[in-house]
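Residues take their numbers from the sequence shown, with the count starting at 1.
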Amino acid sequence: MQSTLSQMPLVLITRPWAQSKAFSDALQGLNIPPFQSVQSPLFEIKATGAVADLSGVEGVVFTSANGAAFAPDGEERPAFCVGEKTAQVARVRGFDARFAQGTAPSLIEKIKRDAPKGPLLHLRGALSVGDVAGKLTNAGIETHEVVVYDQVPKALSFDALTKLRVTARRVLPVFSPATARQLCDELKRWDIAPTPTTAFVAISSAVADVLSGYGMACSVAQSPNGQEMLRLVAENIAQLHSA
């Protein structure tokens with residue numbers, strides 16, 4: 001049984017637990033060749049306890065679904081969201097959400113086109129990148145920020161390490177630059193080298209840049225969203241079956 005599993009492509013899912021399970025369930029529902037998967041979140045999401053005061057704020061900015069999840073009630077305020085999934089969470093929180101194309105630059109451009117008077121408030125994580133508030137303020141749209149959640153790094157689980165060591169065919173989807181750094185550091189820490197049949201899948205060029213800095217080749221999603229990542233992971237699973 002162990003020998004059979006070691007020959008089956010392994011998908012390592014490193015998102016926080018809720019997102020990992022959702023991605024794993026969606027992948028299992030596809031009509032693709034058999035694979036094994038292991039969930040090993042590399043960050044734990046925790047509230048900082050910071051109070052986000054929306055009084056006097058015309059709208060909010062969300063660069064992640066976690067930021068929206070930790071927001072106070074939106075009371076129908078406009079919410080400028082990085083992508084559709086984030087907008088869905090923002091709507092649940094009571095915001096009038098609209099969304100960009102899944103990246104911080106596309107969100108900044110959308111906000112500049114919509115030209116809200118401001119002030120805006122960016123509710124973000126401690127590891128947020130792109131200086132969204134600063135760039136919007138420099139563009140004439142006053143934007144402040146509050147760090148409402150933290151991303152606490154986690155080690156790869158024992159189960160993940162065991163399966164990585166005995167499985168040569170691997171698909172490693174990576175959803176953020178921070179996760180890319182943590183994953184590569186963990187692989188180096190435990191002396192797990194990429195095999196010729198290890199496939200990294202990056203959700204964006206920003207993630208690909210981090211992986212490239214560690215010497216990891218990868219395929220990059222055409223659009224930075226979950227559906228495109230599912231398609232690309234499934235494509236890599238099929239390719240590994242013929243490798």
[atom1] of [X] to [atom2] of [Y]: how many Å apart, nearest 0.5 Å?
| X | Y | atom1 | atom2 | value |
| --- | --- | --- | --- | --- |
| Gln182 | Phe43 | CD | CZ | 5.0 Å |
| Ser204 | Met229 | OG | CE | 9.0 Å |
| Leu183 | Thr14 | CG | OG1 | 6.0 Å |
| Glu186 | Leu42 | CD | CG | 6.5 Å |

Name all residues meeting the side-chain hydrogen bond (donor to acceptor under 3.5 Å, both in side chains) criterion together with Asp25; count only those two or more places apart in sequence or in a different chain, and write none if there are none.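 Result, side-chain hydrogen bond (donor to acceptor under 3.5 Å, both in side chains) vs Asp25: Lys21.
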Taking side-chain hydrogen bond (donor to acceptor under 3.5 Å, both in side chains) as the definition, give me every residue that meets it alongside Lys112, ordered by chain and number, with sequence neighbours left out.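 With neighbours one apart ignored, the set is Glu109.
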Side chain of [X], backbone of [Y]: donor and acceptor closer than 3.5 Å?
| X | Y | value |
| --- | --- | --- |
| Arg77 | Leu54 | yes |
| Thr48 | Val147 | yes |
| Thr167 | Arg169 | no |
| Ser176 | Thr179 | yes |
| Arg170 | Pro9 | no |
| Gln151 | Leu127 | yes |
| Asp73 | Glu75 | yes |
| Thr137 | Thr143 | yes |

Identify all side-chain donor-acceptor contacts of residues 155-162 below 3.5 Å with residues at least two apart in sequence or on another chain.
{"from": "Ser157", "atom 1": "OG", "to": "Ala160", "atom 2": "N", "distance (Å)": "3.1"}
{"from": "Thr162", "atom 1": "OG1", "to": "Phe158", "atom 2": "O", "distance (Å)": "2.8"}

Count the heavy atoms belonging to other residues, nucleotides or ligands that lie under 6.0 Å from NZ of Lys85, then report whether that count exceeds 12.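 Open: at most 12 neighbouring heavy atoms sit under 6.0 Å from NZ of Lys85.
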Is Gln28 atom CD crowded by more than 12 heavy atoms from other residues, nucleotides or ligands, each under 6.0 Å away?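 Above 12, so yes.
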Which pairs pass ring pair (Phe, Tyr, Trp, His ring centres under 6.0 Å) with one or both residues in residues 51-83, sequence neighbours excluded?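 Those involving residues 51-83 are Phe62-Phe95, Phe70-Tyr149.
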Among all residues two or more places apart in sequence or in another chain, which pass the side chain to side chain contact (heavy atoms under 4.5 Å, CB included) test with Ala217?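 By the side chain to side chain contact (heavy atoms under 4.5 Å, CB included) rule, Ala217 matches no residue at all.
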So among Ile13, Ile32, Val171, which one has a side chain to side chain contact (heavy atoms under 4.5 Å, CB included) with Val233?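 The side chain to side chain contact (heavy atoms under 4.5 Å, CB included) with Val233 is passed solely by Val171 among Ile13, Ile32, Val171.
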Any carboxylate oxygen within less than 4.0 angstrom of a Lys/Arg side-chain nitrogen, looking at [X] and [Y]?
| X | Y | result |
| --- | --- | --- |
| Arg124 | Glu145 | yes |
| Asp114 | Lys110 | yes |
| Arg189 | Asp191 | no |

Please answer: with hydrophobic residues joined when any side-chain heavy atoms are less than 4.5 Å apart, are Phe200 and Val220 in the same cluster?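 No; tracing contacts between hydrophobic side chains, which count when under 4.5 Å, never links both residues.
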Donor-acceptor list for residues 234-243 side chains, cut-off 3.5 Å, not counting sequence neighbours:
{"from": "Glu235", "atom 1": "OE1", "to": "Arg231", "atom 2": "NH1", "distance (Å)": "3.0"}
{"from": "Asn236", "atom 1": "ND2", "to": "Leu232", "atom 2": "O", "distance (Å)": "2.8"}
{"from": "His241", "atom 1": "NE2", "to": "Pro34", "atom 2": "O", "distance (Å)": "2.6"}
{"from": "Ser242", "atom 1": "OG", "to": "Gln239", "atom 2": "O", "distance (Å)": "2.8"}

